[in-house]
Undergrad: 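Shown below is the structure under consideration.
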Amino acid sequence: MSRTASRTRTTSESSITVTVNLDGTGRSSISTGVGFYDHMLTALAKHSLIDIDVVAEGDLHIDGHHVVEDTAIVLGQAIKEALGDKVGIRRYADATVPLDEALAHCVVDVAGRPYVVCSGEPEAQVTARIGGTGVPYAGSMTYHVFESFGLNAGLCIHLRLLAGRDPHHIVEAEFKALARALRDAIALDPRVGDVPSTKGAL
């Protein structure tokens with residue numbers, strides 16, 4: 001069974017196309033126009049082992065918010081489609097990932113019951129602007145990205161920032177923790193021959 005999907009979403013604010021392969025090697029081709037977000041999605045692909053292609057265009061002359069959010073929505077939709085009936089997956093996983101002084105913990109349940117809880121960021125993260133030249137990535141967007149992604153993918157995500165000072169390190173630790181937890185949660189377990197739920201469906 002091929003666990004792949006491609007989704008496109010076009011609005012007056014953005015046009016997004018995302019293609020995923022859940023059984024890939026972490027290869028990615030990311031183009032959103034927000035350089036730091038491209039960096040984070042590349043890290044998400046690399047450490048989840050999900051192949052991810054993203055082509056996104058939007059109203060970056062306003063700011064990066066719409067493109068960042070809408071990309072997360074479409075990525076979630078593609079992941080949900082690629083998961084199919086979820087037969088044989090592990091379902092639950094967690095990961096704790098450091099990046100220098102930053103430390104993030106993420107738990108994922110491929111439940112089909114979307115719920116997202118994020119906590120622990122310092123107050124200053126909300127006003128941080130991360131990136132070099134071009135459109136900056138707003139530090140406030142990370143929780144919004146995870147909410148948009150999780151709700152559209154049908155995931156329950158609990159993310160906690162345990163430590164962190166540098167805004168770049170904080171976001172990168174959070175994305176990598178999500179990636180590693182997601183990698184294990186969607187992995188196929190040869191001992192699981194059905195849907196890992198007493199209800200028989202996820």
Undergrad: Tell me if the centroids of the rings in Phe175 and His47 come within less than 6.0 Å of each other.
TA: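 Ring centroids of Phe175 and His47 are no less than 6.0 Å from each other.
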
Undergrad: Of all the heavy-atom pairs spanning Leu83 and Val110, show the shortest one and how long it is.
TA: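 Closest heavy-atom pair between Leu83 and Val110: CD1-CG1, 3.7 Å.
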
Undergrad: Answer whether the closest heavy-atom distance between the side chains of Met141 and Met40 falls below 4.5 Å.
TA: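 Side-chain contact under 4.5 Å: no.
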
Undergrad: Would you please test Val54 and Tyr37 for side-chain contact (heavy atoms from CB on, under 4.5 Å) and show each step?
TA: CA-CA 11 Å; Val54 174; Tyr37 191 42; over 6 Å; no

Undergrad: Do you know the tightest heavy-atom contact between Ile89 and Ala185?
TA: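 Shortest heavy-atom separation between Ile89 and Ala185 comes out as CB-O, 3.9 Å.
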
Undergrad: Check whether any side-chain N or O of Tyr143 sits under 3.5 Å from a backbone N or O of Ser119 as a donor-acceptor pair, and report yes or no.
TA: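 Side chain of Tyr143 to backbone of Ser119: a pair is present.
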
Undergrad: Side-chain contact, heavy-atom cut-off 4.5 Å: Thr71 with Val34?
TA: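 Counting from C-beta outward, Thr71 and Val34 never come under 4.5 Å.
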
Undergrad: Could you tell me whether the side chain of Thr8 reaches within less than 4.5 Å of the side chain of Val74, counting heavy atoms only?
TA: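 Not touching, per the 4.5 Å side-chain cut-off.
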
Undergrad: In terms of heavy-atom contacts, does NZ of Lys80 have more than 12 from other residues, nucleotides or ligands at under 6.0 Å?
TA: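 Counting other residues, nucleotides and ligands, NZ of Lys80 stays at 12 neighbours or fewer.
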
Undergrad: How far does OH of Tyr115 sit from CG of Leu151, to the nearest 0.5 angstrom?
TA: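 Between atom OH of Tyr115 and atom CG of Leu151 there are 10.5 Å.
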
Undergrad: If you take all heavy atoms of Ile157 and Cys106, which pair is closest and at what distance?
TA: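 Distance-wise, the nearest heavy atoms are CG2-SG, 3.9 Å.
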
Undergrad: Checking side-chain contact (heavy atoms from CB on, under 4.5 Å) for the pair Val116/Phe149: CA distance, chi angles, key distance, verdict?
TA: CA-CA 9 Å; Val116 179; Phe149 172 69; over 6 Å; no

Undergrad: In sequence, state the C-alpha distance, the side-chain angles, and the governing distance for His66 and Thr11, and then conclude on side-chain contact (heavy atoms from CB on, under 4.5 Å).
TA: CA-CA 10 Å; His66 295 145; Thr11 71; over 6 Å; no

Undergrad: Ile186 versus Ile79: any side-chain heavy-atom pair under 4.5 Å?
TA: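 A side-chain contact under 4.5 Å is absent here.
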
Undergrad: Transitively linked via ILVMFWY side-chain contacts under 4.5 Å: Leu60 with Tyr137?
TA: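 Yes, Leu60 and Tyr137 fall within the same hydrophobic cluster.
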
Undergrad: Counting only N and O atoms by type, is there a donor-acceptor contact under 3.5 Å from the side chain of Asp38 to the main-chain atoms of Thr32?
TA: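 Indeed, once roles are kept as given, a pair shorter than 3.5 Å links the two residues.
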
Undergrad: Hydrophobic cluster membership, with links at side-chain heavy-atom distances under 4.5 Å among I/L/V/M/F/W/Y: are Leu99 and Leu162 in one?
TA: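 Cluster IDs for Leu99 and Leu162 differ.
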
Undergrad: Applying the 4.5 Å side-chain criterion to the ILVMFWY set and letting contacts propagate, would Val108 and Ile73 be lumped into a single cluster?
TA: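 Hydrophobic grouping puts Val108 apart from Ile73.
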
Undergrad: Does Arg91 reach the main-chain N or O of Pro196 with its side chain, forming a donor-acceptor pair under 3.5 Å?
TA: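 Here the side-chain-to-backbone pair exists.
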
Undergrad: With rounding to the nearest 0.5 Å, note down the distance linking CG in Leu159 to NE2 in His105.
TA: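 Reported value, rounded in 0.5 Å steps: 9.5 Å.
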
Undergrad: Hey, are the side chains of Glu172 and His169 touching, using non-hydrogen atoms and a 4.5 Å cut-off?
TA: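 Of all side-chain heavy-atom pairs linking His169 with Glu172, none is under 4.5 Å.
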
Undergrad: Mind checking whether Phe36 and Leu161 sit in one hydrophobic cluster, side chains of I, L, V, M, F, W, Y counted as touching below 4.5 Å?
TA: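 They do not share one cluster, since no chain of ILVMFWY contacts under 4.5 Å joins Phe36 to Leu161.
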
Undergrad: Under 3.5 Å, side chain of Lys176 to main-chain N/O of Val97, donor-acceptor pair present?
TA: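 Pair absent, no side-chain N/O of Lys176 close to backbone of Val97.
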
Undergrad: Looking at CG of Asp70 and CD of Glu13, how far apart are the two atoms once the value is rounded to the nearest 0.5 Å?
TA: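 Taking CG in Asp70 and CD in Glu13, the distance rounds to 6.5 Å.
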
Undergrad: Check the pair Asp53, Ser29 against side-chain hydrogen bond (donor to acceptor under 3.5 Å, both in side chains), reporting the backbone distance first and the verdict last.
TA: CA-CA 5 Å; Asp53 292 334; Ser29 175; 4.6 Å; no

Undergrad: Does the side chain of Leu44 reach to within under 4.5 Å of the side chain of Thr42, using non-hydrogen atoms?
TA: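 With C-beta onward as the side chain, the pair stays apart.
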
Undergrad: Of all the heavy-atom pairs spanning Val20 and Ala82, show the shortest one and how long it is.
TA: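 For Val20 and Ala82, the tightest heavy-atom pair comes out as CG2-CB, 3.9 Å.
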
Undergrad: Would you give the length of the straight line joining atom CG of Asp51 to atom CZ of Arg3, rounded to the nearest 0.5 angstrom?
TA: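 That separation rounds to 12.0 Å.
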
Undergrad: Which distance, rounded to the nearest 0.5 Å, do you find between the OG1 of Thr25 and the CD1 of Ile50?
TA: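 It comes to 11.5 Å.
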
Undergrad: Please name the pair of heavy atoms, one in Cys118 and one in Phe146, separated by the smallest distance, quoted to 0.1 Å.
TA: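 Closest approach of Cys118 to Phe146: SG-CB, 4.3 Å.
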
Undergrad: Would you check if the side chain of Asp59 reaches a backbone N or O of Ile62 as a donor-acceptor pair within less than 3.5 Å?
TA: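 Checking the backbone N and O of Ile62 against the side chain of Asp59, no donor-acceptor pair under 3.5 Å is found.
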
Undergrad: Distance check, rounded to the nearest 0.5 Å: Leu155 atom CG versus Leu182 atom CG?
TA: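 Interatomic distance, Leu155 CG to Leu182 CG, rounded to 0.5 Å: 6.5 Å.
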
Undergrad: Step through the shown structure and confirm whether more than 12 heavy atoms of other residues, nucleotides or ligands are within 6.0 Å of CZ on Arg165.
TA: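 Not more than 12 within 6.0 Å, no.
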
Undergrad: With a sphere of 6.0 Å drawn around CD of Glu57, does it hold more than 12 non-hydrogen atoms of other residues, nucleotides or ligands?
TA: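 It does not: Glu57 CD has 12 such atoms or fewer within range.
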
Undergrad: For His144 and His65, run side-chain contact (heavy atoms from CB on, under 4.5 Å): C-alpha distance rounded to whole Å, both residues' side-chain angles, the deciding distance at 0.1 Å, then the answer.
TA: CA-CA 10 Å; His144 196 40; His65 185 111; 3.8 Å; yes

Undergrad: Ignoring hydrogens, what is the shortest heavy-atom contact between Val67 and Ser14? Give both atom names and the distance.
TA: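 Taking Val67 first and Ser14 second, the nearest heavy atoms are CG2-CB, 4.4 Å.
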
